[in-house]
Amino acid sequence: MDRPVRVRFAPSPTGPLHIGGARTALFNWLFARHHGGVFILRIEDTDRTRYVPGSVELITEGLRWLGLDWDEGPEVGGDYGPYVQSERVGLYREWADWLVAHDKAYRCYCSPERLKELRKRGVQGYDRHCRYLSPEERAEHDARGDSYVIRFKMPLEGQTTVHDLIRGDITVENSTLTDLVLLKSDGFPTYHLANVVDDHFMEISHILRADEWIPSAPVHWQLYRAFGWEMPAIAHLPVILNPNGKGKLSKRKAGFTHDGRKVPVLLHEFREAGYLPAAVVNFLTNIGWSFGEDREVFSVEETIQRFDLSRVNPSGGVFPLNKLDWLNGIYIRETPPDELARLLREPLERAGYTVDDDLLRRITPLIQTRIHRLNDVVEMAGFFFRDQVTPGVEDLIQKRMDADSTKAALEAARETLLGLPDFEPETLESALRALTDTLGLKARQLFGVLRVAITGQRVAPPLFETMAIVGRDKCLERIEAAIRLLA
RNA sequence: GCCCCAUUCGUCUAGCGGCCUAGGACGUGGCCCUCUCAAGGCCAAAACAGGGGUUCGAGUCCCCUAUGGGGCACCA
């Protein structure tokens, strides 16, 4: 039956948003937007021991940075609230008790020590000891006020099949399923109970979650059946694996890229590394989903129009970080220069530079095709914001030149620059090109010397535009300094 | 150990029984452009995990093996 589309992203507030979580959120959001449905943010904070204050803010901040807006949830409210599980404990308790009353769950008085002992003996799950307690034994425990958990009475035989929208039927033998805990001894629900109860009462139509949840799908199916509720349609998104080979992507195991950078894993690390949110979104949609038509670059609007589950790939894959660098470069080049200039300010300031807006606006077009991440501006164009540059002698001396010819070239250039009517790029270029002839140097030699003298770098934006921005006085100063260096 | 899921170039992927001489993209290599580096243009190398079936025909369907991943908590 077709229900109105209502999907949710349900993170636990145990820290900042992980890129994998962001991908799950994105796919849910795209699904909702494509179908004109509702996207809900729900906070699953039922484990009080793992709660990290401030996480919710970190998560909502991350979602907003990506441009994912939620229709119901924290900060925006909605008719199905509260959207924070710790504020709904009464509900879970009520339904756990309902299951007990209807003989679909039972109180288990086993101590953590006994459970640990079971595990040591190699018992998987739970041995169902308390499932078979006599009424007298139960009464005894209750009279003593023993603490208990509520466990689900899993069917002992038969099999359970859940239909996954992406991978088809998933079938398990019920005998391999355990009597999972529904309500903990502190009165809080476990994930399984809270998740099922909330999805039902929030009228969730489709569950799109990470693939590590596949094993609990049949368990949830049994819970829905016990309650007599209809289970939402479900789909498991493929895992994202570490780029360096081992296991699923995690902060601890992500490792480093080939060029020695730390692989970003938390969403805010992507922002801090200078990636654009639109590029991250585009990148994420290319993992586990494909646009079709052999296209890799597309807008969110286009994605929303086209997004569906049939194009989601069931197999997990490695996190293709270098593709993000390429994509981000494209998005940087497509950003209007004035806007890019505004974005470039932050990384420069973080690097300790005092940024003049006017100067930055003039520099931006020169580096736009030369950076892949916003942060690259520091290395590429930092010299514009320094009073002095410190070229190395070995960098100054070009191929098939020596200290003397380099010095001579600098002196000749100084005289040429002194006599120019203006300091426009065109003027500079024609004058300096003419100078290469009189000096008998290749363009790359003379320009190379000047580039290093003026920028302090072997790799820099185009020379003449750079010189025009740096200005005649500073250029001459830096040339003098280079000459002194060679003396 | 038990259970579940997956398996196409190094990587992300297209492919839903004949359009496959397996397409695109990143990366890599080469060439062009060029003041360095980019950007851009052109070209190249590069894959159906293995074995059995089913079928006139299999990358596409089924089974087995191998490999990878995930799950087996009073964590989500």
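Side-chain atoms are counted along with the backbone in the values below, which use heavy atoms only and exclude waters and symmetry mates. Convention: sequence-line order gives letters A, B, ...; per-chain numbering from 1.
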- Of the candidate nucleotides B:rC74, B:rG69, B:rC35, which contains the atom at the shortest distance from the side chain of A:Thr190? B:rC74
- Item | N or O in side chain of A:Lys253 less than 4.0 angstrom from B:rG69 OP1/OP2 | no
- Spacing of A:Asn282 atom CG relative to B:rG24 atom C1', expressed in whole Å: 15 Å
- Query: Phosphate oxygens OP1/OP2 of B:rC2: is one of them under 4.0 Å from a side-chain N or O of A:Thr176?
  - Reply: no
- B:rC72 pairs with which nucleotide, Watson-Crick or G-U wobble, both distances below 3.5 Å? B:rG1
- Measure from the side-chain heavy atoms of A:Arg311 and tell me the nearest of B:rG15, B:rA76, B:rC35. B:rG15
- Note on the structure: Between CD1 of A:Ile166 and C1' of B:rA6 the distance, given in whole Å, is 13 Å
- Considering only NZ, NE, NH1 and NH2 on the basic side and carboxylate oxygens on the acidic side, decide whether A:Asp186 and A:Lys184 come within less than 4.0 Å. no
- Would you mind pulling out the nucleotide paired to B:rC26, Watson-Crick or G-U wobble, both distances under 3.5 Å? B:rG10
- Task: With C1' as the reference atom in both, quote the distance from B:rA49 to B:rU60 in angstrom, rounded to an integer.
- Result: 16 Å
- Task: Determine: side-chain N/O of A:Arg333 to OP1/OP2 of B:rG40, distance under 4.0 Å, yes or no.
- Result: yes
- Polar side chain donor-acceptor pair, A:Thr160 to A:Gln222, under 3.5 angstrom: yes
- Counter-base of B:rG18, judged by Watson-Crick or G-U geometry with both distances under 3.5 Å: B:rC56
- Query: Starting at CG of A:Leu177 and ending at C1' of B:rC2, how long is that distance when rounded to a whole Å?
  - Reply: 12 Å
- Message: For a quick check of understanding: with a heavy-atom distance under 4.0 Å over all strands, which category does A:Gln124 fall into, base, sugar-phosphate or nothing?
- Response: base
- Task: Would you indicate what A:Pro461 reaches in the nucleic acid, counting non-hydrogen atoms under 4.0 angstrom: base, sugar-phosphate, or nothing?
- Result: base
- Residue-level proximity of residues 145-165 of chain A to RNA chain B when a heavy atom falls under 4.0 Å: A:Val149, A:Arg151
- Message: Heavy atoms only, 4.0 Å cut-off, all strands: where does A:Ser315 land among base, sugar-phosphate and nothing?
- Response: sugar-phosphate
- Query: If you check the A:Trp213 side chain, which of B:rC4, B:rA76, B:rC74 turns out closest?
  - Reply: B:rA76
- Which is it for A:Tyr191 and A:Asp47 under the side-chain hydrogen bond (donor to acceptor under 3.5 Å, both in side chains) test, yes or no, and what are the steps along the way? CA-CA 9 Å; A:Tyr191 164 78; A:Asp47 185 356; over 6 Å; no
- Task: Round to a whole Å and report the spacing from CG of A:Asp169 to P of B:rC5.
- Result: 10 Å
- Message: If I take atom CG in residue A:Asn313 and atom P in nucleotide B:rU11, what distance separates them, rounded to the nearest angstrom?
- Response: 14 Å
- Task: Would you indicate what A:Ser185 reaches in the nucleic acid, counting non-hydrogen atoms under 4.0 angstrom: base, sugar-phosphate, or nothing?
- Result: base
- Message: Minimum heavy-atom separation for A:Pro461 and A:Thr466, please, with both atom names.
- Response: O-OG1, 3.4 Å
- Item | Proximity of A:Trp70 and A:Tyr83 rings by center, below 6.0 Å | no
- Report yes if a side-chain nitrogen or oxygen of A:Lys323 is closer than 4.0 Å to either non-bridging phosphate oxygen (OP1 or OP2) of B:rG10; otherwise report no. no
- Task: Write down the distance separating the P atoms in B:rC12 and B:rG1, rounded off to the nearest Å.
- Result: 27 Å
- Item | Side chain of A:Pro112 (C-beta onward), nearest among B:rA76, B:rC74, B:rC35 | B:rC74
- Message: Under 4.0 Å, counting only non-hydrogen atoms across every strand here, what does A:His372 touch: a base, just sugar-phosphate, or nothing?
- Response: sugar-phosphate
- Message: Measure CG/A:Leu435 against P/B:rC35 and give the value in whole Å, please.
- Response: 15 Å
- Message: Taking the P atom in each of B:rA46 and B:rG41, what is the distance between them to the nearest angstrom?
- Response: 24 Å
- Message: For a quick test of reading the model: is some side-chain N or O of A:Arg458 closer than 4.0 Å to OP1 or OP2 of B:rC37?
- Response: no
- Option passing side chain to side chain contact (heavy atoms under 4.5 Å, CB included) with A:Met380 (candidates A:Thr455, A:Ile367, A:Asn375): A:Ile367
- Item | Nearest-angstrom distance from the residue atom CD1 of A:Ile287 to C1' of B:rA25 | 13 Å
- Query: What nucleotide among B:rC12, B:rU36, B:rA14 has an atom nearest to a side-chain atom of A:Val318?
  - Reply: B:rC12
- Pair partner, B:rC33 [Watson-Crick or wobble, under 3.5 Å]: none
- Can you find a donor-acceptor pair, distance only, under 3.5 Å between A:Thr369 side chain and B:rA38 base? yes
- Query: Which one, B:rG70, B:rC3, B:rC12, comes nearest to the side chain of A:Pro320?
  - Reply: B:rC12
- Message: Applying a 4.0 Å non-hydrogen cut-off, can you work out what A:Gly317 is touching in the nucleic acid: base, sugar-phosphate, or nothing?
- Response: sugar-phosphate
- Query: Touch check for A:Pro11, heavy atoms < 4.0 angstrom, all strands: base, sugar-phosphate only, or nothing?
  - Reply: nothing
- Give a yes or no on whether a donor-acceptor pair under 3.5 Å exists between the nucleobase atoms of B:rG24, that is its base, and the side chain of A:Glu296. yes
- Item | Nearest-neighbour nucleotide for the A:Trp326 side chain, B:rG23, B:rA76, B:rC26 considered | B:rC26
- Query: Looking across every strand, which nucleic acid part, if any, lies under 4.0 Å from A:Pro238 by heavy atom: base, sugar-phosphate, or nothing?
  - Reply: nothing
- Query: Reckon A:Phe319 touches a base, only the sugar-phosphate, or nothing at all at heavy-atom distances under 4.0 Å?
  - Reply: nothing
- Item | OP1 or OP2 of B:rC75 under 4.0 Å from side-chain N/O of A:Lys184 | yes
- Atom CD1 of A:Ile214 to atom P of B:rA6: distance rounded to whole Å? 7 Å
- Could you tell me whether the side chain of A:Arg370 has a donor or acceptor atom within less than 3.5 Å of a complementary atom in the base of B:rC37? yes
- Note on the structure: Per salt bridge (Lys or Arg N to Asp or Glu O under 4.0 Å), A:Asp211 is matched among A:Arg167, A:Arg23, A:Lys248 by A:Arg167
- Cationic tip of A:Arg107 within the cone over A:Tyr148's six-membered ring, i.e. under 6.0 Å and within 45° of the normal? yes
- Message: Please pick, from B:rU36, B:rC12, B:rC3, the nucleotide with the shortest atom-to-atom distance to any side-chain atom of A:Val459.
- Response: B:rU36
